[in-house]
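Inspection log for the structure reproduced underneath, given as structure tokens.
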Amino acid sequence: MASELIRLQDLVMEFGKDRVLNSINLSIEDKKFLTLLGPSGCGKTTTLRIIAGFQKPTSGEVYFDGQPITNLPPYKRQINTVFQNYALFPHLDVYDNIAFGLRISKLPEKEIDRRVGEMLSSVSLRGFENRKVSSLSGGQQQRVAIARALINRPKVLLLDEPLGALDLRLRKDMQNELKQIQQEVGITFVYVTHDQEEALSMSDTVVVMDSGKILQIGTPEDIYNEPANAFVADFIGESNILDGIMLEDYKVRFFDRDFECVDTGFEPNEPVDVVIRPEDIDIVPADPSKLCGTVTNVTFKGVHYDTIVDFKGFKWLIQTTEFHPEGSYIGIEIDPNEIHVMKRSEYSGMFGDYSSYSEEYYDITNMEEEAEEGAAE
Amino acid sequence: MKRRWLTAPYIVWMLLFTLIPLCIVIYYAFTDYTTGSFTFANITGILDYAAIFLRSIWLSVAATLICLIIGYPVAYAIAQCKPRTQRFLQLLIMLPMCMSFLLRTLAWVALLEDTGIINNLVTSLGLSPLPLIRNSGAVILGMVYNYLPYMILPLYSAISKIDPRLTEAAEDLGCNKSACFRKVILPLSMPGITAGITMVLYRPFPPFIFPRNSVRRALSWSAIS
């Protein structure tokens, strides 16, 4: 069975008065693909840099294979990093970049040649040995960066938003490739990203972070289907988040209606957040026994229609393959399995209403993220 | 491309003040000063000055090396500071360059002279004055002092351009601090080293005479330049 390889214990990181990490506890299992996911400035990169050894935490301890390594310099750790924007050595060609780590450990030149050759094949860069790194495309530089790190046969590979600079198509290809590489070499990957889709499709374990805290740790399915709070629900995919009251086990009330659900363990009449994913809602003909509303906006998205429905002033996003024109009065049905009840948190009431829905919501969020990225650099 | 005629003034300028004077120099190099007939005497005559040439080359090389040895750590240290501090230190390095070369040299003369500030101090202690001026050491000191900024600035600009993530990458791949310097920082600051050496090495050739000879010589030389 998988065993623990890295443990972060009560990590606190302060820059001046800024508390960037607030008591991070995390256990990273051997040979797994773990992703730190969160918005810019949530502390995910700082966590990664502490594992790599570039930064010392203000307090707390990092354990590697049971041994504390908090004060060990980076060059003594069996950990290698793929940097954001790659950080390839501009004065060396592709071959020398990849061979760098082996030359430092003074391996015989014959052995180096064999391993660089192997590595070049596995990242499909044969024939590029003597190219200048500046003459390579983003995707090729990415592969050199991965090869340069993996050739040292580390126990852990850290990846800091490695696909951030690539275009969408290339990013998808590289996602598959990275996952494949991880399974082939059979080592632990710790991956940092703010792209939830990337996190869900590649990881064995996702760690959702915000403002220096871990909000949820779980498999991609857990995180998506059972978000711990309104922030996670909103950050991972699209969600309608409503105020509700948990009347008793298996019964939740919102919009003055009682709904059956599968959640238990709340106080009677406890106020809760209710999450319903847009794709889990079925549109049915209007009927007084159902929750009914008016369609205010429809956008074709290729696979489905984004349908915004107004229920007594609260707008929901519903994703369906059927078309319901603007202005039509419709009812909805929700399967008890698809109603997720969450404890109230500091994030309650901040997310989940689609009143400000715009047809370009994807573009807008992407642009914001890019602007933040720019500012962070 | 279309506006090629715009380069005309530059071409005329180069012809008048670079190409033609060069031709004149070449002409005089191979003709006799009085008769105007063809001769190699001027070329073979260089040998008479060989000793002086070699000494000035040696002094230049020595001064350049000293500039590099002092300048590199200074430039490296500046590049590690906060941006504000960097700008301030850069200003400090450039400040002496705003002052006249002559004044700076005269200040050194005032310090180093047999009856200068340092030797006055020495003699007041009852010792005999030190030979501080009119020797190779004084020449090198003067050159290092005057040309150090020309070494530091290109070095600083090359070092400050090195992405700090590259040193992190090197450490990540197994380099300790000294290997990191040898394998990454030094090769990447090579352009700055070359630029610094070029600027300092060729610069001292003309004024190799300065504090070695009398103040008056230095004065007259500076007046010409």
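A note on names: the letters A, B, ... follow the listed sequences, proteins ahead of strands, and every chain is numbered from 1. For the numbers below, each heavy atom of this structure counts, side chains included, while hydrogens, waters and symmetry mates do not.
The line from CD1 of I104(A) to CZ of R182(B) is 7.5 Å long, rounded to the nearest 0.5 Å. Here the SG-CZ distance, from C175(B) to R103(A), works out to 12.5 Å after rounding to the nearest 0.5 Å. Distance check, rounded to the nearest 0.5 Å: CZ of F54(A) to CD of E168(B) gives 5.0 Å.
Annotation for Y49(B): atom OH does not count as buried by contact number, only 12 or fewer foreign heavy atoms lying within 6.0 Å. Other residues, nucleotides and ligands contribute at most 12 non-hydrogen atoms within 6.0 Å of the CE atom of M14(B). Other residues, nucleotides and ligands contribute only 12 or fewer heavy atoms inside 6.0 Å of the CE atom of M190(B).
Looking at N152(A), the atoms closer than 4.5 Å to chain B (heavy atoms on both sides) all sit in the side chain, from C-beta outward. For R49(A), the part lying under 4.5 angstrom from a heavy atom of chain B is the side chain only. Residue contact with chain A, scored on non-hydrogen atoms closer than 4.5 Å, involves the backbone and the side chain of D172(B) alike. Using a 4.5 Å cut-off between heavy atoms, L158(A) makes no contact with chain B at all. Both the backbone and the side chain of F89(A) come within less than 4.5 Å of a heavy atom in chain B. Of the two parts of L102(A), neither the backbone nor the side chain holds a non-hydrogen atom closer than 4.5 Å to a non-hydrogen atom of chain B. Within the 4.5 angstrom heavy-atom criterion, no atom of S105(A) approaches chain B.
For the pair L173(B) and P74(A), the minimum side-chain heavy-atom distance is 4.5 Å or more. Within the 4.5 Å cutoff, the side chain of L188(B) has heavy atoms near those of the P90(A) side chain.
Annotation for A87(A) and A169(B): closest pair O-CB, 3.9 Å, computed over non-hydrogen atoms.
When atom types are taken as modelled, the side chain of H91(A) and the backbone of I185(B) share no donor-acceptor pair closer than 3.5 angstrom.
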Show the numbers, then the answer: is there a side chain to side chain contact (heavy atoms under 4.5 Å, CB included) between V184(B) and F100(A)? CA-CA 10 Å; V184(B) 177; F100(A) 192 90; 3.9 Å; yes
